[in-house]
Amino acid sequence: MQHSPDNSSCRKAYITTPIYYVNDVAHIGHAYTTVIADALAIYSRMVGHDTFFLTGTDEHGQKIEEAAKARGKETQAYADEISGKFKALWDEFGISYDKFIRTTDTEHKQGVQFAFQKMFDKGDIYKDVYKGHYCISCETFFPKIQLVDDEFCPECGKPTSIVEEESYFFRLSDYQDRLLQWYHDNPDCILPRSKRNEVIRFVESGLEDLSVTRTSFDWGVHLPEAINDPKHVMYVWLDALMNYLTALGYGTDNTHMDQWPARVHLIGKDILRFHAIYWPAFLMSLEMPLPKHIAAHGWWTRNGEKMSKSKGNVVNPKEVADAYGLENFRYFMLREVPFGGDGDFSQRALIDRINSDLGNDLGNLLNRLIGMSGKYFEGRIESDLVGKYYQAELNAMRESITKLEPLLFEMQIHRYLEELWRPLSVANKAIDQYQPWTLMKEGREEEAMALNGLIATILANVAVMLHPVMPKTTTAIAGALGFEITQENYEKLIQKAGMLATFTVEKIPPLFPRIEEAVLVEKTEEKKIEKAPAKTEEKEEGVAMIGIDQFFQTSLKIGTVIQAEEVPKSKKLLLLQVDLGDGDVRQVVSGIKEWYSPEALLDTQVCLVANLKPAKLMGIKSEGMVLAAKDKEGLVLMRPEKPKKTGTAVS
RNA sequence: GGCAAGGUAGCUCAGCUGGUUAGAGCGCUGGUCUCAUAAGCCGGAGGUCGGGGAUUCGAGUUCCCCUCUUGCUACCA
């Protein structure tokens with residue numbers, strides 16, 4: 001039906017997520033990757049591809065060993081526990097994975113050893129000495145170039161010593177040209193394509209051989225016995241990346257090796273380099289075909305801010321799913337952000353998507369159909385005369401439907417969903433245009449029935465194509481429309497543009513009740529206060545200690561308010577003109593209206609951050625920030641105790 | 001500093017190889033129907049397409065310069 005350039009290879013669909021590192025708690029980023037992969041897997045199965053969907057956990061490495069020790073647990077027991085949490089979450093989310101791999105699985109370890117041996121025999125892995133400048137105090141190697149006076153540790157300033165550690169190396173440098181050739185020959189091997197350029201430039205700048213074993217810890221896959229070097233364990237990336245092969249039985253029983261090469265490896269952009277450089281190089285060494293696509297998505301921010309533990313604004317996917325519905329959340333994640341770009345999570349945006357896209361456009365359309373068919377035809381819906389009266393609308397729907405598949409495989413999932421919504425608009429317009437209530441009054445029942453048939457057909461098509469994103473919801477819609485979402489019906493409705501058989505619509509309650517207010521309490525503020533004193537160890541992201549030089553990056557000045565007015569339509573904002581002396585007058589928008597009137601501020605002095613990046617508030621440019629202190633009692637401005645000359649620096 | 005990708009309506013983004021009055025969704029706003037979830041539909045406001053220059057009969061779309069953002073990378077701190 002549709003153009004299918006390489007039908008044979010499309011028949012197989014091996015889809016992977018990264019294996020998640022068990023030193024981490026599942027957050028929206030994990031859920032995002034997994035949901036994308038799940039949607040692709042469901043789609044692939046629906047259209048009849050032989051699909052294998054893999055996810056799992058990465059459990060080796062020094063950090064895990066230490067984390068377990070710190071908790072007084074056996075390393076394996078600790079790994080079991082955390083890995084179990086991931087698995088439980090995906091099970092609760094109904095993720096349709098075919099295999100959940102763990103790097104501590106025996107088969108995986110055997111497979112990795114098999115691969116190591118093969119690379120070793122081939123000469124791609126050799127033993128050498130890793131020389132580095134090592135700071136004993138920081139327990140870290142530093143490249144010479146970072147050292148202070150070629151000797152001292154850049155972190156703590158203590159002298160470093162040259163430490164030699166035995167290591168096995170992979171001849172990554174040998175694969176530079178072949179990698180570049182691969183990127184060149186396969187424009188879509190790395191998605192989004194802009195990321196491919198980054199990778200190419202990195203590879204062009206020269207690749208060094210990769211150290212692939214460690215002797216400093218033991219929690220990892222040991223080298224094959226034949227090599228007889230028991231103090232080495234494999235370094236995490238060789239171990240972890242190999243999961244994509246070992247999950248199929250590579251090196252052991254080869255059960256699913258016919259699934260290789262992967263249709264797509266879904267990853268976050270942080271691990272692009274490993275997947276786009278090391279992984280293909282390993283595969284080349286193993287003389288295996290390379291994956292079709294490596295697709296890297298972006299980050300989620302929260303209300304425009306980066307998520308971090310110390311801010312307490314990490315989005316917990318389970319919380320959101322519980323509050324708003326799992327499938328609504330899935331829809332939101334896939335619809336909201338262009339693939340590869342960063343997305344912002346806010347309850348407002350989520351609610352808007354649910355109310356507008358899902359409720360108004362989709363759910364309400366089904367209700368309209370239920371209402372009309374119930375009122376006019378006791379629920380019966382016949383579609384055989386749709387073409388006679390509404391061919392134009394059918395055509396419009398078909399036009400959108402046929403655009404969908406390529407978008408999905410190009411990872412343009414947000415475009416896919418956008419396009420999928422057009423037929424809904426066609427249906428809603430058609431109802432208003434042809435007015436079935438008028439048709440009924442005029443006795444044109446055949447046309448009214450055909451119109452209902454049109455609506456039902458459109459809803460059925462949309463339900464099928466939306467199924468990968470919202471499997472349960474669309475099953476409910478299909479149920480109301482008297483059909484099931486199966487490969488057969490996919491072929492009948494989507495591929496062959498067939499019509500629904502006559503059926504009686506089932507009255508179901510609204511699928512997407514309107515949401516008026518945010519369900520989850522935004523607790524970031526409270527958390528921050530509670531956590532700050534307790535957690536001093538999180539110096540990287542929390543209330544870190546800074547040097548005096550960092551403090552002086554902030555330019556603080558005494559300024560005089562020479563003009564003050566209210567910002568129209570704003571509850572909180574005042575627009576101030578603050579004189580900083582020497583003709584430097586700043587326009588500052590400040591959220592202090594609730595506590596200060598413009599008159600009270602005029603000709604008074606304030607303390608201003610003078611080198612703050614300008615921002616726009618309510619469309620007004622703000623070129624500074626007025627310092628103030630706020631607690632439950634209210635807000636007060638920080639002012640000089642006695643008037644000082646305008647423009648005086650604060651330090 | 002180098003490289004790359006971007007800067008298009010309030011917001012998120014489409015605009016292919018240059019060609020009539022620059023588009024979509026959301027938001028805002030006026031009107032309207034009643035089958036429907038304060039939903040739907042119709043209309044409207046809103047853009048010097050980052051700035052400047054060049055090529056062209058004609059540029060959001062090509063070239064040059066500048067500027068800002070983001071990413072990768074280097075280096076300084």
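Reckoned from all heavy atoms, side chains included, excluding hydrogens, waters and symmetry mates. What you are looking at is a predicted structure, and each value in this text was computed from that prediction instead of being measured. Protein chains get the first letters and strands the later ones, always in sequence-line order, with residue 1 at the start of each.
Taking the ring centroids of Tyr434(A) and Tyr390(A), they lie under the 6.0 Å cut-off. Taking the centre of each ring, Trp279(A) and Phe170(A) stay at or above the 6.0 Å mark. Separation of the Tyr32(A) and His297(A) ring centroids falls under the 6.0 Å cut-off. Outside the 6.0 Å centre-distance limit, the rings of Trp237(A) and Tyr278(A) are not counted as a close aromatic pair.
Remark: the separation of the C1' atoms in rG60(B) and rG6(B) is 14 Å, to the nearest Å. Only the C1' atoms considered, rA45(B) is 13 Å distant from rG27(B), to the nearest whole Å. Nucleotides rA5(B) and rC41(B) are separated by 40 Å at their P atoms, to the nearest Å. Across the P atoms, rC65(B) and rC26(B) are found 41 Å apart, a figure rounded to whole Å. Comparing rG58(B) with rC13(B), their C1' atoms are spaced 27 Å from each other, to the whole Å. Taking atom C1' in both rG10(B) and rU56(B), the straight-line distance is 36 Å, to the nearest Å. Taking atom C1' on both nucleotides, rC66(B) is separated from rC57(B) by 29 Å, rounded to a whole Å.
Pair assignment for rG6(B) gives rC68(B), based on Watson-Crick or G-U wobble hydrogen-bonding distances that are each under 3.5 Å. Judged by Watson-Crick or G-U wobble contacts below 3.5 Å, the nucleotide rG1(B) has rU73(B) as its partner. When both distances must be under 3.5 Å, the Watson-Crick or G-U wobble mate of rG27(B) does not exist. Under the Watson-Crick or G-U wobble criterion, with both distances below 3.5 Å, rG46(B) has no partner in any strand shown. Applying the Watson-Crick and G-U wobble criteria (two distances, each under 3.5 Å), rA38(B) pairs with nothing in any strand.
Using a 3.5 Å distance cut-off with no hydrogens or angles, the side chains of Asn428(A) and Arg368(A) do pair a donor with an acceptor. If you check the side chains of Asp177(A) and Gln181(A), you find no donor sitting under 3.5 Å from an acceptor.
In this structure, Arg415(A) and Gln435(A) both approach RNA chain B, and ranking their closest nucleotides by distance from the 5' end singles out Arg415(A). Checking Lys375(A) against Lys195(A), the closest nucleotide of RNA chain B that is more toward the 5' end is the one next to Lys375(A).
Remark: the backbone N or O of Met470(A) is not paired with any side-chain donor or acceptor of Thr473(A) at under 3.5 angstrom. Between the side chain of His30(A) and the backbone N or O of His27(A), at least one donor-acceptor pair lies under 3.5 Å.
Taking atom CD1 of Ile200(A) as the reference point, atom P of rC3(B) lies 17 Å away to the nearest angstrom. A straight line from CZ of Arg193(A) to C1' of rG71(B) spans 18 Å, rounded to a whole angstrom. What separates CG of Asp342(A) from P of rC72(B) is a distance of 10 Å, to the nearest Å. Met440(A) has its CE atom 15 Å from the C1' atom of rU34(B), to the nearest Å. Distance CG (Asp357(A)) to P (rA24(B)): 17 Å, rounded to an integer number of Å. Following rounding to the nearest Å, Met449(A) (CE) and rC35(B) (P) show an atom-to-atom distance of 17 Å. Rounded to an integer number of Å, the gap from CD1 of Ile271(A) to P of rC72(B) is 14 Å. Rounded to a whole Å, the CG atom of Leu459(A) is 12 Å from the C1' atom of rA36(B).
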Criterion side-chain hydrogen bond (donor to acceptor under 3.5 Å, both in side chains) on Asn452(A) and Ser373(A), from CA distance to verdict: CA-CA 7 Å; Asn452(A) 284 353; Ser373(A) 63; 5.1 Å; no

Steps toward side-chain hydrogen bond (donor to acceptor under 3.5 Å, both in side chains) verdict (Tyr43(A), Glu405(A)): CA-CA 10 Å; Tyr43(A) 181 89; Glu405(A) 178 167 309; 2.8 Å; yes

Residue pair Leu238(A), Tyr235(A): steps toward the side chain to side chain contact (heavy atoms under 4.5 Å, CB included) verdict: CA-CA 6 Å; Leu238(A) 178 60; Tyr235(A) 185 44; 5.7 Å; no

Nucleic acid footprint by protein, nucleotides 38-45 of chain B - heavy-atom cut-off 4.0 Å, B for base, S for sugar-phosphate alone: -SBSS---

Review item, nucleotides 4-12 of chain B N/O atoms under 3.5 Å of protein N/O:
{"unit_1": "rA4(B)", "atom_1": "O4'", "unit_2": "Arg201(A)", "atom_2": "NH2", "d": "3.3"}

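Using a 4.0 Å heavy-atom distance criterion, Phe512(A) is classed as a base contact. Using a 4.0 Å heavy-atom cutoff across all strands shown, Leu365(A) reaches no nucleic acid atom at all. Residue Lys269(A) is out of contact with every strand shown, counting any heavy-atom pair closer than 4.0 Å.
Stacking between Trp437(A) and rU34(B) is absent: the aromatic ring centre is not both under 5.5 angstrom from the base six-membered ring centre and within 30 degrees in plane angle.
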